[in-house]
Amino acid sequence: MSWLVAAPILVPLSTAALCALAWRSIPAQRGISLAGAVALLLCAIGLLAQVAGGVQVMQMGGWKAPFGITLVADTLTAIMVLVTAIMAVAVAAYSLGDIDPVRERNGFHPVFHALLVGVGGAFVTGDLFNMYVWFEAMLISSFVLLALGGTKEQLDGAIKYAALNLIATAALLLAVVLLYGLTGTLNMAELARLVPQVQNQGTVTTVAVLFIIAFGMKAAVFPLFFWLPASYHTPAVAVQAIFAGLLTKVGVYALLRTFTLIFVGDTGWTHGGILLWIAGFTLVAGALGSLATKDLRKALSWQVVAHIGYMVMGLALYTPLAIAGVVFYLVHDIVVKTNLFLGAGVARRLSGSSRYEGMGGLFRSAPILALVMFVPLGSLAGFPPLSGFWSKLVLVQAGLAAQSWWIVAAALVTALLTMMLAGRIWAEVVWKAHPAGDLAGLGGFSPGRRVALVAPLVALSLVTVTIGVWPEPVMDLAGRAALGLLDPAPYIEAVLGAPAPQPTMVGELPVTPAAPGQGGAP
Amino acid sequence: MHSLILRTGTRLLLALMVLFSLFILWRGHNEPGGGFIGGLIAAVAYSLVALSFGVAEMRRMLPADPKTILGAGLALAIVSGLFAVVGQGGLLADPYMASRWYISYTETGEKGFAIGTPVLFDIGVYLVVIGGILAMVRGLMEEL
């Protein structure tokens with residue numbers, strides 16, 4: 001047992017509490033927020049080091065699984081927590097230069113960390129009902145962050161976001177309840193043992209499809225993604241960046257976890273059927289949507305959708321290579337998307353618009369920033385040797401090995417369309433002369449603000465380049481995570497302990513062998 | 001709102017409701033009740049003050065700003081789980097939220113009074129609910 005397993009919940013929760021206590025002092029809140037994010041990062045590094053020695057489990061309050069609240073961290077969890085923590089530090093730093101005083105006074109910092117509590121909780125939980133609760137916690141914080149600032153555009157986006165996400169939440173709760181009715185437990189390790197023993201496997205598949213709908217809506221897959229392009233471009237840049245980087249990926253993580261651990265009875269239908277089709281359509285729809293808009297932030301929002309398609313594709317192929325590809329893609333995509341949205345925020349600040357016709361001149365006014373921005377943009381399009389190239393390569397390779405020709409075609413077409421978009425963004429935002437003449441450039445910002453805005457961009461770009469030129473450690477980790485997902489025995493054993501007790505189905509009496517000498521009925 | 005009946009009634013009810021909420025909080029330790037429901041009752045009591053005497057009067061009656069109460073409650077709830085850091089097995093041997101108890105025994109060896117860290121958690125919840133609801137009430141009523 002390790003206390004670090006609880007850190008993804010406890011550290012941001014404590015940070016949020018301290019920020020709330022320091023409500024009146026904005027400078028104190030800023031310091032606490034940044035310190036909390038850094039503390040989370042340190043804990044995440046420690047957790048990743050610990051899971052190398054095996055799956056880490058903490059039974060909260062000492063109540064044993066499957067009855068208590070179980071927190072579990074395997075390699076996948078630790079990777080996700082680490083990436084989340086890196087994003088938390090980057091966005092917390094960026095927000096110091098970006099968030100306006102009104103939003104800060106209305107509690108941006110505590111709510112930002114409350115959002116991280118939800119994200120971290122969803123990653124470390126070992127129980128499906130708790131996952132639902134963490135999704136809720138995440139959702140409530142995201143409502144606040146989305147509406148914070150209160151412009152008309154924001155409220156419009158927030159209402160669409162809230163309405164559609166509440167439907168997804170209802171679907172998730174329904175699915176959870178049905179699964180509980182079938183098996184009598186919601187502990188994921190226990191479910192992994194009990195679900196194959198359910199008599200009516202058709203019902204299990206139905207519940208599985210319900211989970212695809214619920215988590216798919218959270219992950220913004222085709223055809224359930226409409227809330228995302230309708231709302232993601234409206235809030236403050238720091239909020240956009242953390243949303244684009246993390247929120248949909250929590251949905252992908254939930255799919256990845258449940259569809260490798262629990263719903264593996266009918267992979268031909270759930271994975272090779274539904275998820276594969278969803279992946280193909282998500283890829284193409286997202287890429288086309290991003291080309292159809294003339295607003296940088298909207299184009300990037302559509303790109304969030306498109307790249308979810310790659311991850312779902314890997315899960316749908318369901319081979320060790322493909323699952324490793326998904327994990328690699330998650331890491332790459334979270335870093336790149338956060339970076340792109342942060343970069344778009346700086347570009348918007350400099351040029352005063354986020355529509356293509358009002359942008360441009362970045363290369364002349366801020367050449368270094370333009371070069372830094374090239375990294376996530378090129379990685380998004382998949383230029384070698386950046387991280388996007390390797391992650392796409394692995395997935396395409398897995399697709400070819402599984403002989404799913406058309407999903408490979410969809411992936412490659414999407415990559416091509418994304419490259420077009422990257423070219424267009426480069427031409428419209430960076431190369432083209434600004435309609436209003438020369439821009440002031442980064443020199444227009446105060447030194448403190450310049451550091452807060454640009455340092456996260458540089459750091460995240462460095463992460464992307466590092467993963468790109470040195471992909472082996474990350475791929476190695478992703479491979480370990482994939483092995484842990486495809487062979488869940490150590491996970492189950494870590495949670496439930498070995499040897500596992502004989503399971504009891506709902507509606508059946510436990511069969512106890514009659515003791516010798518006592519005979520049957522008296 | 002200037003209603004003599006409401007104001008008089010609130011004067012009478014406030015203390016009763018707060019006391020009742022504390023009773024519910026305490027009762028929740030072993031029986032139905034608890035921090036959440038107790039916090040709701042206390043929040044309703046203060047909301048009544050806000051309705052009849054105005055938000056400023058409500059804030060004057062509270063010992064601290066609602067948001068501070070919320071933060072303090074959250075911190076208390078987190079801290080209540082941290083008592084598990086030290087235990088018989090050594091440092092960090094027990095999981096987070098493992099409860100710690102003080103139990104007094106009578107001279108005959110029977111269990112007497114018992115109190116543990118879960119009640120701290122419940123008090124934290126109580127404060128979070130009061131703080132959260134009153135912050136909302138305040139925000140809504142100040143906009144009206």
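Residue numbering restarts at 1 for every chain, and letters A, B, ... go by the order of the sequence lines.
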**OP:** Check the surroundings of atom CD1 in A:Ile69: do more than 12 heavy atoms from other residues, nucleotides or ligands lie under 6.0 Å from it?
**Re:** no

Subject >> Pairs where residues 111-130 of chain A contributes a residue and the test side chain to side chain donor-acceptor pair (under 3.5 Å) is met, not counting sequence neighbours >> reply: A:Ser33-A:His113

**OP:** Determine whether more than 12 heavy atoms belonging to other residues, nucleotides or ligands lie under 6.0 Å from atom CZ of A:Phe143.
**Re:** yes

Original post:
chain A contacts: which residues in residues 66-80 of chain B have a non-hydrogen atom closer than 4.5 Å to it?
Top reply: B:Lys67, B:Thr68, B:Gly71, B:Ala72, B:Leu74, B:Ala75, B:Ile78

**OP:** Considering non-hydrogen atoms only, spot the tightest contact between B:Asp94 and A:Trp3 and give its length.
**Re:** O-NE1, 2.8 Å

**OP:** Please list, chain by chain and in numerical order, all residues satisfying side-chain contact (heavy atoms from CB on, under 4.5 Å) with A:Val117, sequence neighbours excluded.
**Re:** A:Ile9, A:Pro12, A:Leu13, A:Trp134

**OP:** Kindly determine whether A:Arg24 and B:Asp65 satisfy side chain to side chain contact (heavy atoms under 4.5 Å, CB included), including the steps that lead there.
**Re:** CA-CA 10 Å; A:Arg24 282 167 186 285; B:Asp65 188 87; 3.7 Å; yes

**OP:** Apply side-chain contact (heavy atoms from CB on, under 4.5 Å) to A:Glu493 and list each qualifying residue two or more places apart in sequence or on a separate chain.
**Re:** A:Ala498

Original post:
What do you reckon, is CD1 of B:Ile103 surrounded by more than 12 foreign heavy atoms closer than 6.0 Å?
Top reply: yes

Subject >> CG on A:Leu71 to CE on B:Met97, rounded to 0.5 Å >> reply: 10.5 Å

Original post:
Just wondering, do A:Met60 and B:Pro95 contact through their side chains at under 4.5 Å, heavy atoms?
Top reply: no

